[in-house]
Amino acid sequence: MALELDHAFICCSRGAPEGDALVRLGLNEGSPNTHPGQGTANRRFFFRNAFLELLWVSEPSEARSEQTRRTKLWERWSERASSACPFGLVFRPKGANTATAPFATWAYRPDYLPPGLAIEFAEDVPLEEPELVYLPYLHRAGPPTYEPTDHSLPIRELCGVAVGLPAGALSKPSQAALSAGLVTYRFAAEHVLELTFLAVQATVVDLRPTLPLLLRGIPQDAT
């Protein structure tokens, strides 16, 4: 597999107060971030090879601007309590590989990126499925060294991601991501994101209803 997950995002309320549940759980929060011109901001929780982003729209006019509109971030955020899937899966090249995404993409060039770089959004992902994004320029094994990756909750390294979706046929980009081994989809009554980690002991934490998130830790010798 030439791609790997860099981070997953969950659309949350303004300021992401839902993240307080993760802090109470024993996760050390990393640095927040804003996206000038895109109209979004976040809280972030880092692990050894990936991170979880709690995302919200901070400037609706920017999120709905001509430049940003096609990302559908506004719709995914504003309709998260109804039919829209509130998740996004963001991939990077694995190691030093130069790879293309397994799904067709279009190039998004926000103001906060250096000239010449683009974020590749999958073409034609319906709002009912998680957004699929590829960062072809990003070559790293994990987060910056100054971000906290050790937590009281015994989960350390991401080893799998699954998305629970209500019944329905998958779109072509989601089928491509599934075939490439990037994500697993399963039936669920509601949208739910399940992150599986290598851990020092077996752990299952269900953050619902605060967050549509399951954290699962499996002992390394069980993999």
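Being a predicted model, the structure only gives us computed values, none of them experimental.
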Listed by chain and number, what are the side chain to side chain contact (heavy atoms under 4.5 Å, CB included) partners of A104, not counting sequence neighbours? E123

Please tell me whether S31 and E147 have a donor and an acceptor in their side chains that are separated by less than 3.5 angstrom. yes

Can you list every salt bridge (charged side-chain N to carboxylate O under 4.0 Å, His left out) pair that touches residues 27-40, not counting sequence neighbours? E29-R43

Transitive ILVMFWY cluster of L127 at side-chain heavy atoms under 4.5 Å: who else is in it? none

Evaluate L27 against L52 for side chain to side chain contact (heavy atoms under 4.5 Å, CB included), listing each step before the verdict. CA-CA 11 Å; L27 297 187; L52 175 64; 5.8 Å; no

CD-SG distance between E53 and C12, expressed to the nearest 0.5 angstrom: 9.5 Å

For P154, side chain to side chain contact (heavy atoms under 4.5 Å, CB included) partners two or more places apart: V200, Q201, T203

Identify every side-chain donor-acceptor pair in residues 131-139 under 3.5 Å, counting partners at least two apart or on other chains, and give the distances.
unit_1: Y134; atom_1: OH; unit_2: A99; atom_2: O; d: 2.9
unit_1: H139; atom_1: ND1; unit_2: G95; atom_2: O; d: 3.2

I'd like to check P143 versus T149 (side-chain heavy atoms, cut-off strictly below 4.5 Å). Are they in contact? yes

By side-chain hydrogen bond (donor to acceptor under 3.5 Å, both in side chains), E75 pairs with (sequence neighbours left out) none

From D206 atom CG to L214 atom CG, the distance as rounded to the nearest 0.5 Å: 4.5 Å

Counterpart residues, side-chain hydrogen bond (donor to acceptor under 3.5 Å, both in side chains), relative to R80 (two or more places apart): none

If a pair satisfies ring-ring contact (aromatic ring centres under 6.0 Å, His included) and one of its residues is in residues 65-103, list it, with sequence neighbours excluded. W74-W77

Listing, residues 105-112 side-chain donor-acceptor contacts under 3.5 Å, not counting sequence neighbours, or none:
unit_1: T105; atom_1: OG1; unit_2: E120; atom_2: OE1; d: 3.1
unit_1: Y108; atom_1: OH; unit_2: Q38; atom_2: OE1; d: 2.9
unit_1: Y112; atom_1: OH; unit_2: Q38; atom_2: OE1; d: 2.8

Going through the checks in order, is the side chain to side chain contact (heavy atoms under 4.5 Å, CB included) test met by V161 and T196? CA-CA 6 Å; V161 57; T196 300; over 6 Å; no

Interatomic spacing from NZ in K94 to CG in L182 - rounded to 0.5 Å: 10.0 Å

Rounded to the nearest 0.5 Å, how far apart are OG1 of T100 and CG of L3? 8.0 Å

Main-chain N/O of G142 paired to N49 side chain as donor or acceptor, under 3.5 Å: no

ring-ring contact (aromatic ring centres under 6.0 Å, His included) pairs, two or more places apart, involving residues 140-175: F47-H151

What residues form a side chain to side chain contact (heavy atoms under 4.5 Å, CB included) with E129, not counting sequence neighbours? V125, P126, L165, L170, S171, S174

Among residues at least two apart in sequence or on other chains, which ones pass side-chain hydrogen bond (donor to acceptor under 3.5 Å, both in side chains) with N28? none

Determine yes or no for a side-chain-to-main-chain donor-acceptor pair under 3.5 angstrom, with H7 supplying the side chain and F45 the backbone. no

